[in-house]
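Have a look at the structure below, then the notes.
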Amino acid sequence: MTDTNPTVNSAGYEVPPELRQNVAVTTLDKIWNMGRRYSVWPMMFGLACCAIEMICTAASRYDLARFGMEVMRPSPRQSDLMIVSGTVTKKMIPQIVRLYNQMPEPKYVLAMGACASGGGPFKEGYNVVSGVDQYVPVDVYVPGCPPTPQALLHGLMKLQEKIDSESITTVRWYGKDDIPAIPVPLLGPDLIDPRDNELIKQETSKKPAAPAAPAAPAPAAEAAS
């Protein structure tokens with residue numbers, strides 16, 4: 001008989017093959033994580049050319065349904081995975097942070113492609129953020145320009161491995177303290193991160209250095225000679 005659920009049973013507690021369809025000896029963490037790893041709901045939005053590959057991954061050829069991810073959600077309130085696919089511009093990052101704050105816990109971020117991971121060919125450009133991880137925490141990076149659908153599927157499986165390693169007793173969303181929202185960046189002539197406000201105040205409050213004293217004139221005798 002084929003074991004259809006090989007991950008739920010704990011090691012050291014072998015269940016006879018004829019009972020594995022009905023009996024499992026496991027832990028609460030494993031059951032909890034198994035339910036979450038097969039029901040990750042991605043948020044439906046794309047930023048640039050990587051989004052084309054993400055849409056392709058969601059088509060029938062690559063079968064996202066086996067991960068429980070086949071229906072992308074149009075609202076951050078119903079999503080627990082943000083796939084940042086494409087170039088992150090300074091104009092777009094305030095909206096990305098706002099969407100991240102609106103997602104309920106547990107939530108994860110996958111940076112898809114070179115641009116989302118570190119700026120890519122536009123790194124240090126005047127209007128591009130050099131990596132979305134400067135503003136929101138990233139759980140999985142998928143390299144490539146753009147990554148193939150197979151690479152995105154590999155990244156999703158890495159996310160499942162991370163979910164498998166989590167425990168109810170240590171995850172942040174079951175802690176006693178509230179999880180603060182990430183401050184939304186301000187877009188003006190350039191992008192301002194509110195988390196840098198204290199540093200900006202310190203730098204702007206410094207007094208300007210005194211101008212250097214003028215050089216003393218040369219002695220008259222030396223000037224006459």
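Note that this is a predicted model, so its numbers are computed, not measured.
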What heavy-atom pair brings [X] and [Y] nearest, and what distance separates the two atoms?
X      : Y      : value
Gly113 : Ser117 : O-OG, 2.8 Å
Pro147 : Cys50  : CD-SG, 3.6 Å
Val128 : Gly119 : CG1-O, 4.4 Å
Ile182 : Pro137 : CD1-CD, 3.8 Å
Val184 : Val97  : CA-CG1, 4.1 Å

Those residues that, when tested against [X], pass side chain to side chain donor-acceptor pair (under 3.5 Å) (two or more places apart):
X      : answer
Ser167 : Asp29, Thr169
Asp80  : none
Asp190 : Lys90
Glu198 : none

Under the 3.5 angstrom rule, does the side chain of [X] hit a backbone N or O of [Y] as a donor-acceptor pair?
X      : Y      : result
Asn33  : Ser165 : no
Asp139 : Val109 : yes
Ser79  : Ser75  : yes

Path from [X] to [Y] over hydrophobic side-chain contacts below 4.5 Å:
X      : Y      : value
Met44  : Met54  : yes
Met43  : Met92  : yes
Val136 : Val142 : no

Quiz item: With Asp164, which of Arg37, Lys30, Arg36 fulfils side-chain hydrogen bond (donor to acceptor under 3.5 Å, both in side chains)?
Solution: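 Passing option: Arg37.
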
Practice problem: Not counting sequence neighbours, which residues clear side chain to side chain contact (heavy atoms under 4.5 Å, CB included) with Pro183? List them please. | Solution: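 Partners of Pro183 under the side chain to side chain contact (heavy atoms under 4.5 Å, CB included) test: Pro194, Arg195.
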
Practice problem: Can you sort out the partners of Glu105 under side chain to side chain contact (heavy atoms under 4.5 Å, CB included), two or more places apart, ordered by chain and number? | Solution: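 Lys107, Arg172, Trp173, Ile179.
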
Quiz item: Do other residues, nucleotides or ligands put more than 12 heavy atoms under 6.0 Å from Arg61 CZ?
Solution: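 No, CZ of Arg61 has 12 or fewer neighbouring heavy atoms, counting only those of other groups under 6.0 Å.
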
Quiz item: Roughly how far, to the nearest 0.5 Å, is the CG atom of Leu191 from the CD atom of Gln134?
Solution: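 Between atom CD of Gln134 and atom CG of Leu191 there are 9.5 Å.
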
Exercise. List the steps and the verdict of side-chain contact (heavy atoms from CB on, under 4.5 Å) for Tyr135 and Val88.
Key: CA-CA 11 Å; Tyr135 294 92; Val88 182; over 6 Å; no

